[in-house]
Amino acid sequence: MSYWLMKSEPDEISIDDALATPNLPWFGVRNYQARNFMRDGMQVGDGVLFYHSSCPEPGIAGVAEVVSTAYPDDTQFDPKSKYYDPKATQENPRWMMVDVRALRKTRLLSLQELRTVDALADMVVLKKGSRLSITPVTAAEWKTVMKLLDKK
DNA sequence: GCCAACGTTGGC
DNA sequence: GCCAACGTTGGC
């Protein structure tokens with residue numbers, strides 16, 4: 001059982017959109033490290049912090065869980081998709097994704113607030129220059145975030 | 001829109 | 001295998 005933080009642009013898919021989609025395929029990841037986390041690290045039942053990025057108020061907006069292991073992301077084969085990858089083939093898919101189920105919308109735990117929490121100082125997503133859309137979260141960090149989400 | 005901090009590409 | 005040039009992410 002592991003924990004993750006997954007970024008989504010709310011303009012594309014918000015926590016509300018995710019709640020309306022029982023099994024949300026996490027398509028469009030085009031970064032090897034993020035792909036490897038999904039392919040090699042994620043298991044069904046893993047906890048996910050649903051993070052809104054590239055928006056007026058970036059931060060954790062909900063909680064989700066992983067509901068499938070990794071399988072090929074079909075958008076890589078579609079020339080019309082903005083996620084099309086001409087170097088990917090059906091025989092040799094390059095990009096993988098998992099399905100995610102949103103469990104609940106939470107209060108917005110903003111990036112600003114996250115940065116004030118000592119217990120979260122080492123969170124990968126808070127590291128300077130971190131642009132990874134999928135990052136691991138430790139059990140201790142998860143616990144801390146759950147407590148913070150219940151506050152207020 | 002700016003730009004720091006990456007990641008990727010491709011010539012050599 | 002190096003590394004300059006280029007592309008992307010994402011907070012501000």
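Just so it is clear, the values below take in all heavy atoms, side chains as well, and ignore hydrogens, waters and symmetry mates. In the text below, chain A, chain B and the rest are named by the order of the sequence lines, each starting its count at 1.
In this view, A:D85 and A:R94 satisfy the salt bridge (Lys or Arg N to Asp or Glu O under 4.0 Å) rule, not counting sequence neighbours. Residues forming a salt bridge (Lys or Arg N to Asp or Glu O under 4.0 Å) with A:E65 (at least two apart in sequence, or on another chain): A:R101. Take A:Q76 and apply the side-chain hydrogen bond (donor to acceptor under 3.5 Å, both in side chains) test, not counting sequence neighbours, and it matches no residue. Evaluation of the salt bridge (Lys or Arg N to Asp or Glu O under 4.0 Å) rule for A:K127 yields no partner, not counting sequence neighbours. Partners of A:A70 under the side-chain contact (heavy atoms from CB on, under 4.5 Å) rule, at least two apart in sequence or in another chain, are A:R39, A:M96, A:V98. Qualifying ring-ring contact (aromatic ring centres under 6.0 Å, His included) partners for A:F50, counting only residues two or more places apart in sequence or in other chains: A:W26, A:H52. Every residue was checked against the salt bridge (Lys or Arg N to Asp or Glu O under 4.0 Å) condition with A:R35, not counting sequence neighbours, and none meets it. Listed by chain and residue number, nothing satisfies the ring-ring contact (aromatic ring centres under 6.0 Å, His included) test with A:Y71 (two or more places apart in sequence, or in another chain).
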Under 3.5 Å, which protein N or O atoms sit close to an N or O of nucleotides 8-10 of chain C? Give each pair with its distance.
residue: C:dT8; atom: O2; partner: A:R131; partner atom: NH1; Å: 2.4
residue: C:dT9; atom: O3'; partner: A:R131; partner atom: O; Å: 3.1
residue: C:dG10; atom: OP1; partner: A:K7; partner atom: NZ; Å: 2.9
residue: C:dG10; atom: OP1; partner: A:R131; partner atom: O; Å: 2.7

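Across residues 27-40 of chain A, not one residue has a non-hydrogen atom less than 4.0 Å from an atom of DNA chain C. Using a 4.0 Å cutoff on non-hydrogen atoms, no part of residues 72-81 of chain A comes near DNA chain B.
Between A:K128 and B:dA4 there is no side-chain polar atom (N or O) within less than 4.0 angstrom of OP1 or OP2.
Sorted by first and then second residue, the side-chain hydrogen bond (donor to acceptor under 3.5 Å, both in side chains) pairs involving residues 108-122 of chain A (not counting sequence neighbours) are A:R107-A:E113.
One atom, CG of A:L114, and another, C1' of C:dC12, lie 16 Å apart when rounded to the nearest Å.
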